[in-house]
Amino acid sequence: MARAPQVLRGMRDFLPEQMLLRQHVLNSFREVFERYGFEPIETPVIEYLETLTGKYGEDEKLIYSFQDRGERDVGLRYDLTVPLARFVANHRNELNFPFKRYHIAPVFRADRPQRGRYREFWQCDADIVGTKSMMADAEVVSVWIDALSAINMPGFVVHINHRKLLMSLAEVAGVPNEQTSTIHRAIDKLAKIGEDGVISEMVSNDIPEDAARRVLDLVSTRGEPGHVFEQLVDRLQGNTLAEEGLTELRSLFGYLESMGADPAHYTLDLTLARGLDYYTGPVFEALSVDANIGSLGGAGRYDGLVGMFSGEDLPATGCSLGLERIFDVIQERNLVGVPPTVSQTMVTIFNEETVGDSLSLVGELRRAGISCEIYVGERWDLRRQLQYANRKGIPTTVILGPDEIKRGEVILREMETGEQSTLARSDLLGVLQARSAHA
RNA sequence: GUGCCCGUAGCUCAAUCGGCAGAGCACUGGUCUGUGGAACCAGGGGUUGCGGGUUCGAGCCCCGCCGGGCACCCCA
């Protein structure tokens with residue numbers, strides 16, 4: 001047998017059964033996004049390379065880039081946020097602000113693949129451009145919670161922090177600003193490597209131990225958000241950056257509470273340090289404590305990004321869910337039941353004399369809106385046809401032979417039980433429609 | 001991008017020290033010309049991921065590439 005080529009590293013194929021599950025998830029997300037007034041857009045997969053560069057910091061090395069036929073330097077989009085900023089800059093006179101859009105599409109990263117980490121994966125983004133109001137950030141968190149709830153994602157929590165608090169940490173520690181990202185890297189690993197690990201990570205990067213302890217002590221503040229805010233206000237007094245961040249977080253949490261967002265699904269996490277360069281305000285990360293698959297989504301406010309393209313500053317905030325990780329979790333755990341096939345029924349063929357009757361029946365059913373197959377294989381023994389239906393998971397078959405045709409009847413077979421009933425051909429459509437209404 | 005583990009039939013795996021490439025499941029056909037899942041019988045299917053090297057001889061040893069996984073980096 002000839003060897004088929006493999007797919008590219010980090011990319012994968014999806015079988016029909018998997019696609020039906022993916023589409024179910026996507027439809028759920030779409031529904032939730034639209035419930036909040038987000039509307040769909042689409043942008044090209046490929047952008048000019050310069051559109052993508054200079055936005056992601058160190059991650060920039062993971063951009064898939066190449067030259068096209070005209071020797072233009074181009075790149076596959078790395079996320080949907082930078083293309084959105086470019087989109088808004090291009091169309092700002094045609095948009096109604098605050099602009100709310102969702103975008104569900106594949107993105108590409110030239111990363112080394114692992115479980116839950118692919119080179120091509122789908123992101124599901126909802127963003128609001130053109131308002132600094134924390135209400136927009138609250139909507140983003142809330143839409144996330146609703147989206148993940150809609151697909152029964154187990155044990156997920158949206159962790160919330162603020163970029164301005166993070167930026168103030170170097171000042172708190174009394175170390176140079178260049179050390180800020182070192183501090184972020186260290187505290188972000190707290191849950192993974194523990195307090196001692198965090199301290200030694202900072203110390204080994206030339207941060208004095210007492211400074212490291214001050215930082216750790218500060219970000220370890222836990223408890224009811226209200227109390228934490230009070231403590232932080234005291235301890236960070238005089239630090240303008242931190243005070244701004246705290247003020248914003250307080251109103252964000254206030255809005256969330258008023259909206260009735262389930263507090264089990266969001267939490268203040270001062271150790272959350274999102275890496276992307278363009279974040280400027282609240283930052284969010286969706287994690288599942290149950291599923292060991294890393295982050296389900298990342299989000300945050302990026303007030304400067306649109307301005308990088310248009311000169312006109314437009315504040316923005318938004319969220320991004322990674323479909324592949326979500327899909328892997330619900331597939332592994334069987335969390336969402338989706339029928340294995342789109343076909344509701346299949347009409348069988350008896351022989352050359354009756355094939356016309358089978359075809360006209362299937363045509364009628366299709367015109368009436370029933371998803372209906374006829375067996376298109378070459379050999380028409382009933383055994384083969386039932387086996388096909390069985391393997392595909394088609395719930396019923398319609399058996400139509402000379403006897404039935406003569407009497408104006410059909411046999412409706414339940415594939416699960418093998419139960420059969422004879423009914424008038426004219427009643428078949430009604431019966432099938434009733435069944436699909438129940439499903 | 002760095003380090004490590006792995007790759008044998010569609011799937012899961014076996015093959016002693018380097019010595020004739022196998023099994024179960026799946027698939028195809030039949031038992032069964034108006035009834036799927038079960039049983040029984042038979043059959044097809046492999047350049048052992050790809051390419052090179054060492055050797056009388058390589059699935060096994062060495063090198064490169066492709067692909068999978070883990071850790072790091074980072075991330076959805």
Side-chain angles (χ1 to χ4, degrees), chain A residues 1-13 15 56-63 78-81 104-125 144 148 153 156 181 184-185 188-189 192-193 201 272-277 283-288 291-300 319-329 346 348-351 354 375 377 379-405 410-420 422:
Chain A
M1 200 166 38
R3 280 179 298 281
Q6 294 170 297
V7 296
L8 240 36
R9 164 173 277 212
M11 309 197 176
R12 42 190 198 159
D13 292 326
L15 295 166
Y56 302 110
E58 276 187 38
D59 292 353
E60 188 166 309
K61 59 179 192 268
L62 299 181
I63 295 172
Y78 179 90
D79 63 13
L80 300 177
T81 308
I104 296 173
V107 303
F108 300 84
R109 296 185 188 178
D111 206 351
R112 186 104 144 210
Q114 268 179 58
R115 174 170 297 283
R117 176 183 295 198
Y118 305 95
R119 288 187 166 181
E120 176 183 22
F121 62 98
W122 284 59
Q123 287 196 326
C124 312
D125 282 33
W144 244 10
L148 290 170
M153 177 58 63
F156 74 87
S181 63
H184 294 173
R185 265 200 298 278
D188 194 47
K189 293 182 192 163
K192 196 171 180 179
I193 62 180
E201 169 116 4
L272 168 62
R274 306 227 78 236
L276 291 177
D277 263 14
V283 287
F284 316 111
E285 180 155 35
L287 297 165
S288 168
N292 180 28
I293 196 138
S295 161
L296 300 172
C319 62
S320 178
L321 286 170
L323 177 63
E324 321 308 306
R325 290 183 179 178
I326 289 163
F327 172 70
D328 286 356
V329 171
M346 186 186 86
T348 63
I349 300 166
F350 185 77
N351 64 17
T354 69
Y375 183 71
R379 293 168 63 181
W380 292 339
D381 38 315
L382 192 53
R383 168 194 178 78
R384 203 175 295 272
Q385 299 182 60
L386 291 177
Q387 185 169 276
Y388 170 85
N390 182 49
R391 286 184 181 166
K392 196 160 171 180
I394 301 173
T396 62
T397 46
V398 175
I399 297 170
L400 189 60
D403 300 343
E404 289 75 31
I405 291 169
V410 297
I411 294 171
L412 183 63
R413 181 178 178 88
E414 306 291 337
M415 294 305 285
E416 183 81 22
T417 59
E419 219 171 286
Q420 295 190 168
T422 302

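Throughout, protein chains are lettered first and strands after them, A, B, ... in sequence-line order, and every chain is numbered starting at 1. No hydrogens, no waters, no symmetry mates; every other heavy atom, side chains included, goes into these values.
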What contact category does [X] fall into here, base, sugar-phosphate, or nothing, at under 4.0 angstrom with non-hydrogen atoms?
X         : result
Arg384(A) : sugar-phosphate
Val7(A)   : sugar-phosphate
Ile326(A) : nothing
Leu296(A) : sugar-phosphate
Glu404(A) : base
Asp403(A) : base

- Query: Dot-bracket for RNA chain B, 5' to 3', with Watson-Crick and G-U pairs under 3.5 Å, [ ] for crossing pairs and | for other-strand pairs: what is it?
  - Reply: (((((((..((((.....[..)))).(((((.......))))).....(((((..]....))))))))))))....

Which protein N or O atoms sit under 3.5 Å from an N or O of nucleotides 69-72 of chain B?
{"unit_1": "C70(B)", "atom_1": "OP2", "unit_2": "Arg115(A)", "atom_2": "N", "d": "2.6"}
{"unit_1": "A71(B)", "atom_1": "OP2", "unit_2": "Gln114(A)", "atom_2": "OE1", "d": "3.1"}
{"unit_1": "C72(B)", "atom_1": "OP1", "unit_2": "Lys192(A)", "atom_2": "NZ", "d": "3.4"}
{"unit_1": "C72(B)", "atom_1": "OP2", "unit_2": "Lys192(A)", "atom_2": "NZ", "d": "3.3"}

- Going by the salt bridge (Lys or Arg N to Asp or Glu O under 4.0 Å) test, which pairs reach into residues 381-398 of chain A, not counting sequence neighbours? Glu373(A)-Lys392(A), Asp381(A)-Arg384(A)

- Listed nucleotide nearest any side-chain atom of Arg109(A), set G34(B), C75(B), G36(B): C75(B)

- Message: Are there over 12 heavy-atom neighbours, none belonging to Glu414(A), within less than 6.0 Å of that residue's CD?
- Response: yes

- Arg109(A) to Tyr78(A), cation-pi by 6.0 Å centre distance and 45° axis angle: yes

- Message: So does Ile399(A) get a backbone contact from the side chain of Glu404(A), meaning a donor-acceptor N/O pair under 3.5 Å?
- Response: no

